[in-house]
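Being a predicted model, the structure only gives us computed values, none of them experimental. One-based numbering along the sequence shown.
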Amino acid sequence: MDVSERMWGRLAGAGAERRFRRGEVLLHQGDEPTHVALLLSGRVKVVLYPGEGSALLLAVRGPGEALGVMGVAGATDRSATVVALEVCVTRTLPAERFLALVREAGEEAVLLRNAMLRIREGEAWRAETASLPARLRVVRALLRLAVPVPGAPLEVPLGQAEIGQAVGLSRGVVAAELARLREARLVTTDTGRVVIDDQEGLRALAGTGQIGV
């Protein structure tokens, strides 16, 4: 959430601390928007379940994110499920308290701007998934899903199947594309994660589609 450090401190100071283990759900799709969770540490994945057992991975979020804001601001049910990718610490505020603090600080415009950015981000991702070849889908997804953590290498904390959920590809296709990226020394893969070794090279590939250009 793009607010001042002072405003973030006020919001965090008004919340109750909660801890989540890896794999625990912070927010459930379809639930009422009763609260906002400020993510202080750890990373989470945001997943949409359209139905019939399918899943679409929408984003990875890291520290400094306010989770559940769109539902609270729009008074609509949760639009996606948020799951901890590692141990996470949050500060939770009731919806009414969160909105009151935002109004008192005159930050309503920031709230609206962030909501619009999230909507546009989702639209851009869907457009890429519908139109780009597999290689570019995977490369752009890696760049989009990599959340920087101080003191740690830049990585995507997801397995091949989860990356496939983000770009509409099978696990096998994702594995093949990651193998090509490993051969080009752009990434290193491990169980449940992809480390980005050459961010600039990956960005160049995202624009050209050609390894080594």
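Both L158 and V187 are part of a single hydrophobic cluster, where members link through side-chain heavy atoms under 4.5 Å apart. L38 and V82 fall into different hydrophobic clusters, where Ile, Leu, Val, Met, Phe, Trp and Tyr side chains are chained together by heavy-atom contacts under 4.5 Å. No continuous path of ILVMFWY side-chain contacts below 4.5 Å connects V60 to L48, so the two sit in separate hydrophobic clusters. By the criterion of side-chain heavy atoms lying less than 4.5 angstrom apart, applied directly or through intervening Ile, Leu, Val, Met, Phe, Trp or Tyr residues, V167 is grouped together with L143 in one hydrophobic cluster. Each of L56 and V83 belongs to its own hydrophobic cluster when Ile, Leu, Val, Met, Phe, Trp and Tyr are linked at side-chain heavy-atom distances under 4.5 angstrom.
Using a 4.0 Å cut-off between charged nitrogen and carboxylate oxygen, E177 and R180 count as a salt-bridge pair.
For E183, there are no side-chain contact (heavy atoms from CB on, under 4.5 Å) partners, not counting sequence neighbours. Qualifying salt bridge (Lys or Arg N to Asp or Glu O under 4.0 Å) partners for E32, counting only residues two or more places apart in sequence or in other chains: none. Every residue two or more places apart in sequence or in another chain that forms a salt bridge (Lys or Arg N to Asp or Glu O under 4.0 Å) with R43 is listed here: E86, E155. Residues that satisfy the salt bridge (Lys or Arg N to Asp or Glu O under 4.0 Å) test with R182, not counting sequence neighbours, are absent from this structure. Considering only residues two or more places apart in sequence or on other chains, R78 meets the salt bridge (Lys or Arg N to Asp or Glu O under 4.0 Å) condition with none of them.
Here I163 contributes atom CD1 and L142 contributes atom CG; the two are 5.5 Å apart, rounded to the nearest 0.5 Å. The distance from atom OG of S79 to atom CG of L58, rounded to the nearest 0.5 Å, is 7.5 Å. Atoms CG and CE, from L101 and M7 in turn, are 5.5 Å apart once rounded to the nearest 0.5 Å.
For the pair G42 and P63, the tightest heavy-atom approach, listed with the atom from each and the gap, is O-CD, 3.4 Å. Smallest separation of non-hydrogen atoms from Y49 and Q29: N-OE1, 2.9 Å. Pairing each heavy atom of R91 with each of A12, the nearest pair is NH1-O, 2.9 Å. The two residues V195 and P153 have their closest heavy-atom pair at CG1-CB, 4.0 Å. Annotation for V147 and G62: closest pair CG1-CA, 3.8 Å, computed over non-hydrogen atoms. Minimum interatomic distance between A134 and V173 (heavy atoms only, all atoms of both residues): CB-CG1, 3.9 Å.
The side-chain heavy atoms of L145 and V194, taken from C-beta on, include no pair separated by under 4.5 Å.
Here the side chain of D197 pairs no donor or acceptor atom with the backbone of R185 at under 3.5 angstrom. Although no hydrogens or angles enter the test, the distance criterion places no donor-acceptor pair under 3.5 Å between the side chain of R18 and the main chain of T90.
In this structure, R144 places its CZ atom where more than 12 heavy-atom neighbours from other residues, nucleotides or ligands lie under 6.0 Å away.
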Donor-acceptor contacts, no H, no angles, side chain residues 20-27, under 3.5 Å, sequence neighbours left out:
residue : atom : partner : partner atom : Å
R22     : NH1  : L85     : O            : 2.5
E24     : OE1  : R21     : N            : 2.6

